[in-house]
Amino acid sequence: MSFSVPLRSVAQLQRAVLLSRVAVPRAALAVRTSTTLNDGANKAPDFSHHFKYERMWSAALLPVMPAAYFVHGPVMDAVLTIALSLHIHWGVQAVIADYARPILMGSGPAKLARASSYLLTALLIAGLLHFNTNDVGLTKAFSMLFSL
């Protein structure tokens, strides 16, 4: 099935659109400067910068993970602990933001879920730092795991 429009009809349509733009005086048009009230209550948070920093942090983890296999010591253990904890925290926060919304769960359980993510992150950091100081450390543990 072929659909063809004569060139004359297209030209007439373009001319009508241009004339309608010229015919309406600009002063008569309503100018809307914003779509919402500018009181700050209706502004949604802008996560574009946070998302960019998360991606840069994930890319920075790519060379840290193999380096942790070859470089052992308390400095690399601390770097790995902080890097992985922050990466995991951001991942858990993203899951909570997606699935524990107040509209789905209510505001109380949603706040509890957000607070629990901070508690889990604090426990993770405390556990990893305890493991680094009182046991072999993360880097040595990874090398022992991969030597199996």
Exercise for the section: Begin from the C-alpha positions of Asn132 and Leu138 and carry the test side chain to side chain contact (heavy atoms under 4.5 Å, CB included) through to its verdict. Expected result: CA-CA 6 Å; Asn132 286 341; Leu138 278 177; 3.6 Å; yes
Problem - Contact summary for His72 and Lys140, nearest pair of heavy atoms - result: ND1-N, 3.7 Å
Exercise for the section: Treating Ile, Leu, Val, Met, Phe, Trp and Tyr as nodes and any side-chain heavy-atom pair under 4.5 angstrom as an edge, say whether Leu112 and Leu123 lie in one connected cluster. Expected result: no
Completion exercise
Heavy-atom closest pair (Thr81 atom, Ser85 atom, distance to 0.1 Å) is O-OG, 2.7 Å
Problem - More than 12 heavy atoms from other groups under 6.0 Å of CE on Met144 - result: no
Handout entry: Heavy-atom closest contact (Gly106 atom, Pro109 atom, distance)
Key = O-CD, 3.7 Å
Problem - Pairwise distance OG(Ser143) to CG(Leu148) - rounded to 0.5 angstrom - result: 10.0 Å
Handout entry: Euclidean distance, Trp90 CH2 relative to Tyr53 OH, rounded to 0.5 Å
Key = 10.0 Å
Problem - Over all atoms of both residues, closest heavy-atom pair of Ile96 and Ser117 - result: CD1-CB, 3.4 Å
Problem - More than 12 heavy atoms of other groups within 6.0 Å of His87 NE2 - result: no
Completion exercise
Interatomic distance, CG@Asp77 vs CD1@Ile82, rounded to 0.5 Å, equals 11.5 Å
Practice task
Would you give the length of the straight line joining atom CG of Leu124 to atom CD1 of Ile88, rounded to the nearest 0.5 angstrom?
Solution key: 5.0 Å
Handout entry: Pairwise distance OG1(Thr121) to CG(Leu86) - rounded to 0.5 angstrom
Key = 8.5 Å
Exercise for the section: Please state whether the rings of Tyr118 and His89 are parallel, tilted or perpendicular, taking 30° and 60° as the class boundaries. Expected result: tilted
Exercise for the section: Could you tell me which non-hydrogen atom of Ala110 sits nearest to which non-hydrogen atom of Ala100, and how far apart they are? Expected result: CB-O, 3.3 Å
Practice task
Following the transitive rule for hydrophobic clusters with a side-chain heavy-atom cut-off under 4.5 Å over Ile, Leu, Val, Met, Phe, Trp and Tyr, establish whether Leu119 and Val92 coincide in one cluster.
Solution key: no
Problem - Nearest atoms (heavy-atom pairs only) where Leu104 meets Tyr99 - result: CD1-O, 3.9 Å
Handout entry: Same apolar cluster (I L V M F W Y, side chains within < 4.5 Å links), Leu62/Met76
Key = no
Handout entry: Heavy atoms from other residues, nucleotides or ligands near CD1 of Ile103 exceed 12 (cutoff 6.0 Å)
Key = no
Problem - Cluster link Val136 to Phe146, ILVMFWY, side chain under 4.5 Å - result: yes
Problem - Leu61 side, atom CG; Leu80 side, atom CG - distance, nearest 0.5 Å - result: 8.0 Å
Problem - Linked, directly or transitively: Tyr69 and Leu84 (ILVMFWY side chains, under 4.5 Å) - result: yes
